[in-house]
Asker: 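Got a structure for you, written out below as structure tokens; questions coming shortly.
Note that the coordinates shown come from a computational prediction; the quantities given were computed from them, not determined experimentally. Letters go in sequence order (proteins before strands), and every chain restarts at 1.
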Amino acid sequence: MKKPVLSVWIIAVGVLLFVSRAYAIALPLQVEGYARETPPGAPMSAAYLSLHNTGEHLLLLKAVELRGKQDIGVDLHTTESSDGISRMRPLEQLAIAAGQKLQMAPGGVHLMIHGLQLREGELLPLRLVFTNGSSLEIEVPVVGPNKADKEHHHHHG
Amino acid sequence: MNHSGLNNNDMLTEQRQKRGIRVTIAILLLFIVAVLVGFVHKLSQPRVITDSELRLNGAVKLQKARILDNFQLVSDTGEVFHTDSLKGQWTLVFFGFTHCPDICPTTLSTLNSFYQLLDGNTRSNTEIILVTVDPARDNPKILHDYVRYFNKEFHGITGDFFEIKRFASQLNVPFNKVMLDEGGYTVDHGSQVVLINPLGHYHAFFKAPLDPAKLKLTYRSIRATFNG
């Protein structure tokens with residue numbers, strides 16, 4: 001009597017674990033991007049991501065963290081340009097509509113990274129945190145000044 | 001006799017024909033080389049475009065270049081930088097600051113690409129400078145290292161806040177300190193690149209977003225039509 005119950009429990013827990021794992025992996029988001037090396041003298045740099053929501057629901061990015069380093073600031077920012085003036089402003093959150101691709105780019109939406117000197121060739125480990133409680137861990141390469149510019153043009157093309 | 005005479009005539013005609021072909025080929029080759037040289041020469045000459053074409057490519061030339069009042073700023077090597085420092089070469093001026101993660105590195109990187117596109121002669125009398133709009137945080141040492149990171153030939157300028165403000169106003173570049181909710185501040189600033197001619201006068205400006213190829217086209221055309 002007791003034995004079947006125990007095995008059923010084990011299977012149930014196993015299935016649950018598998019499903020939750022699969023769910024975490026299957027956050028319907030394709031992410032790629034790069035960060036710029038921090039120039040000497042500058043206390044901050046920027047990273048640019050492309051976020052493709054392949055799911056059927058709106059995703060709201062509410063924060064980005066540097067994995068393992070709570071004291072490093074990663075802020076969602078945008079550069080607005082109007083009437084020939086550039087204004088940098090923080091963003092509360094970033095909406096990625098179902099089926100849409102959000103492209104961060106120099107002169108527009110970007111992640112500001114301060115408190116850390118980024119060096120060309122390193123990988124920047126980031127955690128994207130969404131309002132629905134899910135999160136996604138990614139790594140983006142750090143590129144030098146002139147490569148970043150080419151990358152920018154490449155993405156536009 | 002008769003037979004061999006004919007043979008001689010044949011050989012002479014053949015030689016003449018051969019010579020004729022060689023001359024024709026030589027003339028053709030010379031012609032091709034001349035066309036190629038002309039083409040390459042034309043390519044290396046700046047294309048002069050009209051003011052409206054300049055505008056279409058993001059550059060605005062002033063009707064009349066503006067003479068700048070005296071100002072006194074500090075170069076990133078600690079020397080005095082004043083109105084006369086602008087004389088003798090073309091100068092592209094961008095206003096920015098080091099606590100600017102996005103647009104300032106983007107612009108300096110674009111200016112570097114543009115600078116690399118220029119031929120040696122043009123480059124040798126083209127100066128590119130970053131004037132800080134945040135002199136409280138950007139001292140000469142910090143600016144020096146920051147600007148050289150993008151190109152070793154670029155220079156940074158700092159100085160007294162009000163002197164910078166006065167210099168910027170003369171070039172129609174607005175800037176404004178803005179407090180951020182998250183703490184600290186940022187500086188909103190004009191995103192154009194200003195062009196100063198070798199007389200030290202405000203000559204033209206390039207509107208953002210900047211593109212290296214368009215910058216090269218418009219800058220070389222403006223230079224070609226300058227008769228200072």
Asker: When the ring planes of Phe71(B) and Phe167(B) are compared, do they come out parallel, tilted or perpendicular, using 30° and 60° as the limits?
Answerer: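 Tilted: the ring planes of Phe71(B) and Phe167(B) meet at 30° to 60°.
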Asker: Under 4.5 Å heavy-atom distance to chain B, tell me which part of Ser45(A) shows up: side chain, backbone, both or neither.
Answerer: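 Only the backbone of Ser45(A) comes within 4.5 Å of chain B.
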Asker: Checking heavy atoms, do the side chain of Cys104(B), its backbone, both or neither come under 4.5 Å from chain A?
Answerer: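 Contact with chain A is absent: no heavy atom of Cys104(B) under 4.5 Å.
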Asker: Please state whether the rings of Tyr48(A) and His110(A) are parallel, tilted or perpendicular, taking 30° and 60° as the class boundaries.
Answerer: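 Plane angle between 30° and 60°, so tilted.
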Asker: Please state whether the side chain, the backbone, both or neither of Glu80(A) comes within less than 4.5 Å of a heavy atom of chain B.
Answerer: neither
Asker: Taking side chain as everything from C-beta outward and backbone as N, CA, C, O, which of these in Asn112(B) sits under 4.5 Å from a heavy atom of chain A? Side chain, backbone, both or neither.
Answerer: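 Answer is side chain: those atoms of Asn112(B) sit under 4.5 Å from chain A.
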Asker: Non-hydrogen atoms of chain A under 4.5 Å away: do they reach the side chain of Val178(B), the backbone, both or neither?
Answerer: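 Contact with chain A: side chain only.
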Asker: For Arg55(B), does the CZ atom have more than 12 heavy-atom neighbours from other residues, nucleotides or ligands under 6.0 Å away?
Answerer: no
Asker: So for Pro209(B), is it side chain, backbone, both, or neither that comes closer than 4.5 Å to the heavy atoms of chain A?
Answerer: neither
Asker: At a heavy-atom separation under 4.5 Å, does Asp83(A) approach chain B through its side chain, its backbone, both, or neither?
Answerer: neither
Asker: Using the six-membered ring of Tyr115(B), assess whether NZ or CZ of Arg123(B) lies under 6.0 Å from its centre and within 45 degrees of the ring axis.
Answerer: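 Output yes; distance and angle both within limits.
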Asker: Please verify the inter-ring angle class for Phe150(B) with Tyr146(B); under 30° counts as parallel, over 60° as perpendicular, anything in between as tilted.
Answerer: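 Perpendicular.
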Asker: Please flag which part of His114(A) lies under 4.5 Å from any non-hydrogen atom of chain B: side chain, backbone, both or neither.
Answerer: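 Contact with chain B: none, neither part.
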Asker: Can you tell which of Pro43(A), Ala42(A), Gly41(A) has the highest number of heavy-atom pairs within less than 4.5 Å of chain B?
Answerer: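 Going by pairs under 4.5 Å, I would pick Pro43(A).
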Asker: Identify which one of His99(B), Arg137(B), Lys177(B) satisfies the side-chain hydrogen bond (donor to acceptor under 3.5 Å, both in side chains) criterion when paired with Tyr185(B).
Answerer: Arg137(B)
Asker: Assess the residue pair His203(B) and Phe226(B) against the criterion (ring-ring contact (aromatic ring centres under 6.0 Å, His included)); give the C-alpha distance rounded to whole Å, side-chain angles, the decisive distance to 0.1 Å, and a yes or no.
Answerer: CA-CA 10 Å; His203(B) 195 85; Phe226(B) 175 68; 5.5 Å; yes
